[in-house]
Amino acid sequence: MLFSMTTAQQGYMHESGEDWVNAWRQGFNFQCPHGEVLVAVRSYFSEKEGSDRLWSFECQRTPYGWGEPSECWWDDINRAGMEWSSVCTSNGLVAGVQSKYFEAVLDREWQFYCCRYAQRCPYSCWKTYDVPEYYREEGEMVVPSYGYFIRGAQTTFSGVLRDRQWKYILCRMTDFDCQFQNY
């Protein structure tokens, strides 16, 4: 059975020397190197820092036979304080993330950077469980095995706790070109 991993040990990640892509309450733009896609997401929550999170991402090269991405773009954006569900259009895979913090809402807007590879099609898609498992905990999601890719995410926002939980949408991709424009 495939599963994603979550971490919920208090203070574990913040003290681990992680390379965070953002500072508290600051926006960020993270893009994988050309030809790579996102395979891991980590975050650390702090109520005293504006109910914000520090974020870290890891990338991995796509299979050799796929070649270079045929197209990359910034997909739809959410609004701070709102639930959000986003899957890369045109059969794309997540290759980056950008976010802006809004002090008035104590939340962030999010947008995925997506790349498409020779019109390959997703299959065997599923959502991870909530990351973090509980609001205000540290979170970690690592793609469970090579051959699965992040296509998007669904996220809920707690207006009381001022935090988000994420369910990442993971898929396999066909090894052949397909006719579908979006699946």
Side-chain angles (χ1 to χ4, degrees), residues 4-33 36-60 72-90 92-115 125-143 149-171:
S4 64
M5 183 172 69
T6 187
T7 301
Q9 297 170 343
Q10 198 63 23
Y12 160 73
M13 293 177 70
H14 184 64
E15 299 165 0
S16 69
E18 188 77 34
D19 288 329
W20 305 109
V21 300
N22 65 305
W24 300 113
R25 298 186 215 99
Q26 299 298 310
F28 66 85
N29 177 317
F30 175 84
Q31 292 180 38
C32 294
E36 295 186 12
V37 293
L38 217 60
V39 294
V41 180
R42 293 177 185 82
S43 67
Y44 176 79
F45 179 83
S46 174
E47 183 177 10
K48 73 176 185 161
E49 295 290 351
S51 292
D52 196 16
R53 286 183 174 273
L54 297 176
W55 291 89
S56 175
F57 305 97
E58 291 183 25
C59 304
Q60 186 174 53
C72 294
W73 65 95
W74 287 103
D75 224 37
D76 64 332
I77 191 168
N78 85 311
R79 295 293 166 226
M82 306 291 286
E83 292 187 359
W84 182 51
S85 183
S86 179
V87 176
C88 288
T89 56
S90 301
L93 301 173
V94 177
V97 181
Q98 70 179 2
S99 180
K100 181 178 177 184
Y101 181 80
F102 287 86
E103 191 81 39
V105 188
L106 300 178
D107 191 28
R108 294 178 164 276
E109 286 185 347
W110 294 93
Q111 190 173 26
F112 287 140
Y113 183 68
C114 303
C115 291
C125 298
W126 55 283
K127 289 181 192 172
T128 65
Y129 53 85
D130 287 326
V131 179
E133 188 175 359
Y134 301 101
Y135 289 108
R136 296 183 167 187
E137 287 186 344
E138 294 134 15
E140 180 176 46
M141 192 288 299
V142 179
V143 171
F149 304 95
I150 301 172
R151 293 232 34 245
Q154 177 181 346
T155 180
T156 55
F157 178 72
S158 169
V160 174
L161 298 175
R162 308 318 266 180
D163 193 19
R164 288 188 173 274
Q165 287 180 304
W166 296 77
K167 290 183 179 182
Y168 295 92
I169 300 164
L170 307 179
C171 299

Inset, instruction - Rounded to the nearest 0.5 Å, what's the gap from OH on Tyr129 to OH on Tyr168? Could you check? - result: 12.0 Å
Legend entry - Matching residue for Trp110 among Trp84, Trp166, Phe102 - test: ring pair (Phe, Tyr, Trp, His ring centres under 6.0 Å): Trp166
Inset, instruction - Measure the spacing between CD of Gln111 and CD of Gln98 and express it to the nearest 0.5 Å. - result: 4.5 Å
Inset, instruction - Report yes if some heavy atom in the side chain of Leu54 is under 4.5 Å from a heavy atom in the side chain of Asn22; otherwise report no. - result: yes
Inset, instruction - Might you work through the salt bridge (Lys or Arg N to Asp or Glu O under 4.0 Å) test for Glu138 and Arg42, ending with a clear yes or no? - result: CA-CA 8 Å; Glu138 294 134 15; Arg42 293 177 185 82; over 6 Å; no
Legend entry - From CZ (Arg164) to CE (Met82), nearest 0.5 Å: 9.5 Å
Legend entry - Residues Thr89 and Asp75: side-chain donor-acceptor under 3.5 angstrom: yes
Inset, instruction - Compare every heavy atom of Pro132 with every heavy atom of Gly139, then report the nearest pair and how far apart it is. - result: CA-CB, 4.1 Å
Legend entry - Within-4.5 Å side-chain heavy-atom neighbours: Leu106 and Tyr101: yes
Inset, instruction - Run through Phe112, Tyr113, Phe57 and flag the one making a ring pair (Phe, Tyr, Trp, His ring centres under 6.0 Å) with Phe30. - result: Phe57
Inset, instruction - Mind listing the closest non-hydrogen atom pair of Arg162 and Val105 along with its distance? - result: NH2-O, 2.7 Å
Inset, instruction - Check whether any side-chain heavy atom of Leu161 sits under 4.5 Å from a side-chain heavy atom of Tyr134, and report yes or no. - result: no
Legend entry - Shortest non-hydrogen contact between Asp76 and Ser86, atoms and distance: OD1-OG, 2.7 Å
Legend entry - Rounded distance [0.5 Å steps], OG in Ser99 versus CG in Asn78: 8.0 Å
Legend entry - Cys pair Cys115, Cys72: SG separation below 2.5 Å: yes
Legend entry - Leu93 and Cys88, any side-chain heavy atoms less than 4.5 Å apart: no
Legend entry - Approximate separation, where rounding is to 0.5 Å, of Gln154 CD and Thr128 OG1: 9.5 Å
Inset, instruction - Indicate whether any N or O donor in one side chain lies under 3.5 Å from an N or O acceptor in the other, for Arg53 and Ser43. - result: yes
Legend entry - Glu36 CD to Gln31 CD distance, which is reported to the nearest 0.5 Å: 12.5 Å
Legend entry - Side-chain donor or acceptor of Asp107 paired with backbone N/O of Ala80 under 3.5 Å: no
Inset, instruction - Under the side-chain contact (heavy atoms from CB on, under 4.5 Å) rule, what do Ser51 and Asp163 come out as? Steps first, then yes or no, please. - result: CA-CA 7 Å; Ser51 292; Asp163 193 19; over 6 Å; no
Legend entry - Worked check of side-chain contact (heavy atoms from CB on, under 4.5 Å) between Arg151 and Val94: CA-CA 6 Å; Arg151 293 232 34 245; Val94 177; 5.8 Å; no
Inset, instruction - Please answer whether the main-chain N or O of Trp20 pairs with a side-chain N or O of Ser56 as donor and acceptor at a distance below 3.5 Å. - result: no
Legend entry - Under 3.5 Å side-chain donor-acceptor pair for Thr156 and Tyr135: yes
Legend entry - Arg108 and Asp52, any side-chain heavy atoms less than 4.5 Å apart: yes
Legend entry - Minimum side-chain heavy-atom gap Ile150-Met141 below 4.5 Å: yes
Legend entry - Beyond-backbone contact of Ser90 with Trp73, side-chain heavy atoms, under 4.5 angstrom: yes
Inset, instruction - Would you check if Val41 and Val131 make a side-chain contact, meaning some heavy-atom pair closer than 4.5 Å? - result: no
